[in-house]
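Because the structure is a prediction, the values reported are computed rather than measured.
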Amino acid sequence: MTQPPSTPGNDNPTMSVEILSAQQVRIDGEVSEMSQGEDPYARIFEAAQKIALEEGAPVTVHGTDHIRAEKSTFTVTSDGKTEPIGSPGEQGRRPLEAENTPTGSLEGLSRIERRRLSEAGHPSFVTPPPEKPARGMRKWLYTFSAGTINIGPSEKERKHQDLVERIARPLNGSRNTAVLSLKGGIGKTSTTVGVGMTMAQHRGDIPCAIDANPDSGDLAERALGERHLLATPRRNISDLLDDLPEVNSLTKLQTYLHQADRLHVLAGEQDPVLSDSLTAEEWERIHTEFAKYYPVILTDCGTGVSHNAMKGILKTADNLVIAAGFAVSGAQRARQTLTWLASHGYKDLARNAIVVVTDKENVSERVDKSLIRSNLRGMCRGLVVVPFDQSVVDGDQVNLEMLHSGTRQAYMEIAAAIVDGYE
């Protein structure tokens with residue numbers, strides 16, 4: 001066990017603490033199991049206060065939260081008072097130095113930082129309250145000290161909040177993102193559902209997802225689970241098309257939709273003969289109806305770019321997400337898709353596309369990600385890697401709460417990139 005770093009000019013006793021998981025903490029090298037519902041931070045502060053009482057001096061605590069990927073150093077006294085060591089900047093905060101940023105040089109800054117920079121030259125007669133930490137040891141310090149110690153959010157929290165703000169940005173009118181691929185089984189539908197639910201979680205309006213896959217798409221199954229669909233009347237895109245002249249309100253339209261949390265879902269036709277017959281004109285009628293009520297529409301397309309409805313889908317798309325497998329061959333297929341789009345009148349859609357590479361075979365460590373990126377460099381706006389996650393691979397219902405944190409993070413990055421592309 002590595003000894004905690006010494007603090008210059010401080011002879012107080014020290015503690016090294018780590019939060020390993022929601023169930024385990026390590027205090028001075030000894031791992032302790034947490035009981036159900038016990039707060040790991042409470043265990044740490046209790047141990048620190050006990051040592052302070054025994055030693056008759058404040059304890060310097062060097063803490064590492066492996067869940068939040070952040071570190072903090074602070075003291076705890078025998079009467080439970082806490083005090084951070086070091087300035088907020090030393091605790092991980094990175095204040096934006098607006099005066100050192102050249103005018104007009106905003107590249108690389110987050111949306112929050114750009115906003116702060118733009119506001120830096122405008123005087124304010126009201127001092128804004130300091131940002132409060134929402135997670136981890138920083139939040140515990142803030143709560144434990146009744147708000148007197150506020151070292152602010154960590155850099156990870158700030159990045160998370162930046163993603164949330166980008167996803168939640170209000171939109172004028174309705175926007176449509178088509179999710180497509182040249183090959184099946186590489187994460188197209190799971191991406192549609194995961195990103196749709198992520199948007200539903202963070203946006204003030206309600207997004208919807210439409211299954212336009214001509215090959216008996218399973219968007220509704222991935223969003224709601226097969227058991228739910230078996231227990232409810234199954235209405236799909238073909239039923240809506242048949243009744244479209246009588247659909248004259250959101251209330252009426254929603255009788256054809258399923259609801260997965262706040263994400264509204266239009267199921268696809270399961271009869272391949274009927275689903276393959278969806279035309280571009282019929283798609284445009286469907287899209288026109290949804291655009292009256294939904295600011296964000298995600299369209300789960302079929303495999304390939306040549307089926308009947310695709311011309312109408314591309315015509316109504318504001319941007320694209322292209323799903324690819326986690327291999328150089330997957331990147332090459334994505335490249336072929338982008339090349340086809342650019343050469344068939346969709347150059348802007350190709351240039352603004354987001355390529356999503358999903359690791360469905362747990363090969364992340366054996367694949368040269370830089371080679372994949374170099375294959376796609378200059379052909380699209382961005383690339384996001386979704387790490388291996390058994391909940392995605394199984395092909396069952398996509399539940400955000402059951403996904404790994406890395407998968408949820410990837411879906412947030414995709415959602416933010418999509419909304420950015422609506423500008």
Side-chain angles (χ1 to χ4, degrees), residues 166-181 188-214 217 219-220 222-224 235-241 244 247 249-269 275 278-302 307 309-323 346 348-349 352-354 356 398 411 414-423:
R166 289 165 59 196
I167 295 169
R169 180 170 62 88
L171 300 171
N172 293 321
S174 178
R175 310 299 173 91
N176 176 32
T177 295
V179 187
L180 55 95
S181 67
K188 174 178 60 64
T189 300
S190 59
T191 297
T192 306
V193 175
V195 171
M197 288 185 167
T198 299
M199 286 185 166
Q201 192 174 71
H202 296 292
R203 290 190 61 80
D205 49 43
I206 296 176
C208 74
I210 301 175
D211 192 339
N213 190 339
L219 178 72
R222 299 305 302 274
L224 297 123
R235 304 183 87 175
N236 57 45
I237 193 168
S238 296
D239 299 318
L240 177 58
L241 266 174
L244 203 54
V247 176
S249 68
L250 176 60
T251 301
K252 183 70 173 177
L253 177 62
Q254 288 178 343
T255 63
Y256 295 84
L257 307 182
H258 300 276
Q259 189 169 332
D261 295 328
R262 293 183 69 250
L263 176 67
H264 291 185
V265 178
L266 177 62
E269 175 58 64
S275 61
L278 181 68
T279 66
E281 185 273 333
E282 288 173 331
W283 165 259
E284 289 184 48
R285 290 170 56 207
I286 291 283
H287 174 264
T288 298
E289 191 62 33
F290 276 84
K292 295 176 184 176
Y293 310 109
Y294 292 96
V296 176
I297 301 168
L298 301 179
T299 304
D300 185 18
C301 307
H307 59 83
M310 204 63 204
K311 186 175 181 180
I313 292 172
L314 291 174
K315 180 180 177 181
T316 60
D318 293 281
N319 57 20
L320 303 177
V321 170
I322 298 175
Y346 304 105
D348 287 343
L349 282 177
N352 196 37
I354 303 298
V356 174
V398 175
Y411 287 154
I414 299 165
I418 288 173
V419 178
D420 286 347
Y422 293 154
E423 291 180 332

For [X] and [Y], work out which heavy atoms get closest and say how close.
| X | Y | value |
| --- | --- | --- |
| Ala280 | Gly312 | CB-N, 3.4 Å |
| Ile354 | Ala417 | CD1-CB, 3.7 Å |
| Ala168 | His202 | CB-O, 3.3 Å |
| Val398 | Val193 | CB-CG1, 3.7 Å |
| Tyr411 | Ser190 | OH-O, 3.5 Å |
| Gly421 | Asn352 | O-ND2, 3.4 Å |

Separation between [atom1] of [X] and [atom2] of [Y], rounded to the nearest 0.5 Å:
| X | Y | atom1 | atom2 | answer |
| --- | --- | --- | --- | --- |
| Asn176 | Lys315 | CG | NZ | 13.0 Å |
| Asp348 | Asp318 | CG | CG | 11.5 Å |
| Gln259 | Gln254 | CD | CD | 7.5 Å |
| Thr299 | Ile313 | OG1 | CD1 | 6.0 Å |
| Ser174 | Tyr293 | OG | OH | 12.0 Å |
| Tyr422 | Thr177 | OH | OG1 | 2.5 Å |

Quiz item: Looking at Ile418, Leu298, Thr192, which one forms a side chain to side chain contact (heavy atoms under 4.5 Å, CB included) with Val321?
Solution: Ile418
Does [Y] offer a backbone N or O that forms a donor-acceptor pair with the side chain of [X] under 3.5 Å?
| X | Y | value |
| --- | --- | --- |
| Arg262 | Arg203 | yes |
| Arg166 | Asp420 | no |
| Asp211 | Asn213 | yes |

Does any part of the side chain of [Y], heavy atoms only, come nearer than 4.5 Å to the side chain of [X], both counted from C-beta?
| X | Y | result |
| --- | --- | --- |
| Leu244 | Glu282 | no |
| Leu240 | Leu253 | yes |
| Met199 | Leu263 | no |
| Ile167 | Thr198 | yes |
| Tyr294 | Pro207 | no |
| His258 | Leu224 | yes |
| Met310 | Cys301 | yes |

Quiz prompt | Intermediate values then yes/no, side chain to side chain contact (heavy atoms under 4.5 Å, CB included), His264 and Ile206 | solution = CA-CA 7 Å; His264 291 185; Ile206 296 176; 3.8 Å; yes
Practice problem: Would you please test Leu241 and Arg285 for side chain to side chain contact (heavy atoms under 4.5 Å, CB included) and show each step? | Solution: CA-CA 8 Å; Leu241 266 174; Arg285 290 170 56 207; 4.1 Å; yes
Quiz prompt | Derivation and outcome, side chain to side chain contact (heavy atoms under 4.5 Å, CB included), residues Tyr256 and Asn236 | solution = CA-CA 7 Å; Tyr256 295 84; Asn236 57 45; over 6 Å; no
Practice problem: Can you sort out the partners of Lys252 under side chain to side chain donor-acceptor pair (under 3.5 Å), two or more places apart, ordered by chain and number? | Solution: none
Exercise. Could you please spell out the steps behind the side chain to side chain contact (heavy atoms under 4.5 Å, CB included) verdict for Lys188 and Asp300?
Key: CA-CA 7 Å; Lys188 174 178 60 64; Asp300 185 18; 2.8 Å; yes
